[in-house]
Amino acid sequence: MIRHMIRKEILENARDGRFRWGGALVGVLLVLSLAAGWAYQQQVTEAHLGAQALSWSQWLEQGDKNPHSAAHYGIYVFRPVSTLALVDRGVDPYIGGSTWLEAHNQNPFAHRAVQDTPAMARFADLTAANTLQLLVPLLILLIAFQSFTGERERGTLRQLLSLGIDPAKLAIGKVVGVVVALSLLLVPAGILGALALVGTGPAGVGVRDEFARFGLLVGVYLLYFAAFALLAVAVSAFSRSSRAALGVLLAFWILNGLVAPRVASDVARERVVLPTSLEFRSAIQTDIADGFGPHPARAERQEILSDSILSAYGVQNLEELPINFSGISLQAGEEFANLVFDRRFGELYDRIRQQLEVHRRLAFLAPHLAVRSLSMALAGTDPEHHERYATAAEEHRRHIQRILNEDIAQNGQYGQTYIAGASLWSEVPEFSYEPPGIGWAIAGQGTAGAALLFWAMLSGLVALVGAVTLPRRT
């Protein structure tokens, strides 16, 4: 019996003009968004690789100069674009793609794509994630809001129930009918996404991780769509008319996809306040100049360092040292600045993580927040992935400064200008970055995953209750 009900629902949905036209429109937008994402991923990857190669060649060919001047000359590094950015760009356009590794400073990322985008154009940014998170659920609601109200208005619901059909099985048939109809749209899109992944993804071990991410990403979106299908059937079961069901579902769609993200951002900013850029930089400069905690001010630190070095080598003045005190002093300054950077950037990253957790907790009120967090994490375009790359870039910056300052200490003479050449520049290793695996990516997404499961289970429970109680309300 249930097989016949499912077949009936599939045929009705396939013949429904709303599904044909809506599905065609969403399908075209999904294909276009995947194509745009693929073009974005390819374009940015090519640009970053070219700029990285140019910056590295400029470093190697900078000519003879003092190593500390070379440290200020620095190197630009460019964050690699995740393969799955073709599906979800996440925060990539907002955080910048490059940073300058120079002496004394841990610089923020620059060249944010959003800065070159007109304000109104940002609302029309077409990505596969936007299509999947907003338009596909809208399509589901439009084809499922009449699941039970349509039967009631046509007078067939009472007939079906009088035949002894189990209302729960009837609800299952309607949900499966929506899912199968939707698969006509999503399966080709999934195949297209997999082919794009093959064409742009890494080789070797990395490709397995990318496909694992892609597979889990598909599962996340399917669960999200199932929640909407169950919710639409549930509302239809409890509603007295199709118009009422449609009104309730559209109101939920607006609150979930358009209102909730903005409200969540406002709540997160209110609960966890971030410093302004000026306040953040001022705090760093104050810590470096005046010290913090048990660390004294700069002048006292310098005096303590020089006294300890003179005492260690048993000499009276810096000129008598067998090594160049300038290199030691520069490295000591770097080491203290690193303590400050770890303190201030650590506090900043902690606050950002707290804000993100606020978003994930609010996902129990709006499933869009949950799927957005999971989607960015699996695509490798969330703030946590950016933080991991920024940390790796900063470690490389510190390694560069250590090499240059040690060379000054070993080969220079105090009070005299020391010149180094290409042989020293080539001792600096070229920066490379290994992205984390899928386990790391989802480690902090427990709240979002629980929220998405909560919505799927809640929608299923409400749909079941609505179906079981139908005979009493018909």
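Below, all heavy atoms of this structure are taken into account, side chains as well, without hydrogens, waters or symmetry copies.
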* Test side chain to side chain contact (heavy atoms under 4.5 Å, CB included) on V180 and S183 and set out the steps. => CA-CA 5 Å; V180 172; S183 67; 4.3 Å; yes

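- Note: L246 CG to F145 CZ = 4.5 Å, rounded to the nearest 0.5 Å.
- Contact of the L34 side chain with the T131 side chain is not registered, since no non-hydrogen atoms from C-beta on lie closer than 4.5 Å.
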* Would you check, one step at a time, whether the test ring-ring contact (aromatic ring centres under 6.0 Å, His included) holds for F148 with F238? => CA-CA 9 Å; F148 284 108; F238 279 105; 9.8 Å; no

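- Across all their heavy atoms, I403 and V428 have their closest contact at CD1-CA, 4.2 Å.
- Ring planes of F345 and Y349: tilted class, angle from 30 to 60°.
- Expressed to the nearest 0.5 Å, how far CG of L255 lies from CG of L365 amounts to 11.0 Å.
- Looking only at distances, a side-chain donor or acceptor of T99 sits under 3.5 Å from a matching main-chain atom of N107.
- Atom CG of L464 is separated from atom CD1 of I172 by 8.0 Å, given to the nearest 0.5 angstrom.
- You'll find the side chain of Q355 stays beyond 4.5 Å of the side chain of V358, heavy atoms only.
- Ion pairing of R398 with E335 is absent here, as no side-chain N (NZ or NE/NH1/NH2) approaches a carboxylate O to less than 4.0 Å.
- Distance OG/S57 to CD/Q62: 11.0 Å, rounded to 0.5 Å.
- A donor-acceptor pair shorter than 3.5 Å can be found between the side chains of S242 and T149.
- Environment of CD in Q43: sparse, with no more than 12 heavy atoms of neighbouring residues, nucleotides or ligands closer than 6.0 Å.
- A donor-acceptor pair shorter than 3.5 Å can be found between the side chains of S373 and Q445.
- Looking only at side-chain heavy atoms (C-beta outward), E46 and Q42 stay at 4.5 Å or farther from each other.
- The aromatic rings of H399 and H396 are tilted relative to each other, their planes meeting at an angle between 30° and 60°.
- A donor-acceptor pair under 3.5 Å is absent between the side-chain atoms of Q133 and the main chain of H368, judged by distance alone.
- Looking only at distances, a side-chain donor or acceptor of S459 sits under 3.5 Å from a matching main-chain atom of A227.
- The two residues W56 and P429 have their closest heavy-atom pair at CH2-C, 3.8 Å.
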* Step by step, would you call R344 with E279 a salt bridge (charged side-chain N to carboxylate O under 4.0 Å, His left out)? -> CA-CA 11 Å; R344 292 299 180 179; E279 290 171 342; over 6 Å; no

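- In the model, N338 has a side-chain atom that pairs as donor or acceptor with a side-chain atom of R397 under 3.5 Å.
- Looking at heavy atoms from C-beta onward, V267 lies in side-chain contact with L362 at the 4.5 angstrom threshold.
- Remark: the backbone N or O of L84 is paired with a side-chain donor or acceptor of S82 at under 3.5 angstrom.
- A370 and A448 get closest at one heavy-atom pair: CB-O, 3.5 Å.
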* To do: Determine, stepwise, if the pair R353 / E387 fulfils side chain to side chain contact (heavy atoms under 4.5 Å, CB included).
  => CA-CA 10 Å; R353 284 192 290 268; E387 178 190 339; 2.6 Å; yes

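- Across every non-hydrogen atom of A229 and V178, the tightest pair is CB-CG1, 4.2 Å.
- Between P275 and E347 there is no side-chain heavy-atom pair separated by less than 4.5 Å.
- Under 4.0 Å is where a charged nitrogen must lie from a carboxylate oxygen, and between E210 and R213 no such pair does.
- Counting heavy atoms of neighbouring residues, nucleotides and ligands inside a 6.0 Å radius, atom CZ of R361 does not exceed 12 of them.
- More than 12 heavy atoms of other residues, nucleotides or ligands shown are found within 6.0 angstrom of CZ on R269.
- Side chain of S55 to backbone of A51: no donor-acceptor contact under 3.5 angstrom is found.
- You'll find the side chain of W253 reaches within 4.5 Å of the side chain of L258, heavy atoms only.
- Formation of a donor-acceptor pair under 3.5 Å by the E102 side chain with backbone atoms of G74 is not found in this model.
- For the pair R89 and Y40, the distance from NZ or CZ to the six-membered ring centre is under 6.0 Å and the angle to the ring normal is within 45 degrees.
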* side chain to side chain contact (heavy atoms under 4.5 Å, CB included) between F109 and I95, worked out -> CA-CA 7 Å; F109 277 68; I95 58 178; 5.6 Å; no

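- Side chain of D88 to backbone of A379: no donor-acceptor contact under 3.5 angstrom is found.
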* Asked: Under the side chain to side chain contact (heavy atoms under 4.5 Å, CB included) criterion, do L217 and S375 qualify, and how do the steps go?
  -> CA-CA 6 Å; L217 190 63; S375 179; 3.8 Å; yes

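- Taking CG from L30 and CG from L139, the interatomic distance works out to 11.0 Å, rounded to the nearest 0.5 Å.
- Remark: L101 CG to N105 CG distance equals 11.5 Å, nearest 0.5 Å.
- Smallest separation of non-hydrogen atoms from G96 and R79: O-NH2, 2.9 Å.
- Ring centroid separation for the pair F225 and W455 does not come in under the 6.0 Å cut-off.
- Side chain of W425 to main chain of E61: no donor-acceptor pair is present (N/O by atom type, distance under 3.5 Å, no hydrogens or angles).
- Counting heavy atoms of neighbouring residues, nucleotides and ligands inside a 6.0 Å radius, atom CD of Q58 exceeds 12 of them.
- Of all the heavy atoms in Q41 and V81, the pair that sits closest is NE2-O, 3.6 Å.
- Considering only heavy atoms from C-beta on, R388 comes within 4.5 Å of Y433 through its side chain.
- Using a distance-only test at 3.5 Å, with no hydrogens or angles considered, a donor-acceptor pair links the side chain of S236 to the main chain of S147.
- Looking only at distances, no side-chain donor or acceptor of S282 sits under 3.5 Å from a matching main-chain atom of L278.
- Contact annotation: the side chain of L369 approaches that of R372 to within less than 4.5 Å [non-hydrogen atoms, C-beta and beyond].
- Within a 6.0 Å radius of CH2 in W21, no more than 12 heavy atoms belonging to other residues, nucleotides or ligands are found.
- Aromatic ring centroids of F431 and Y389 lie under 6.0 Å apart.
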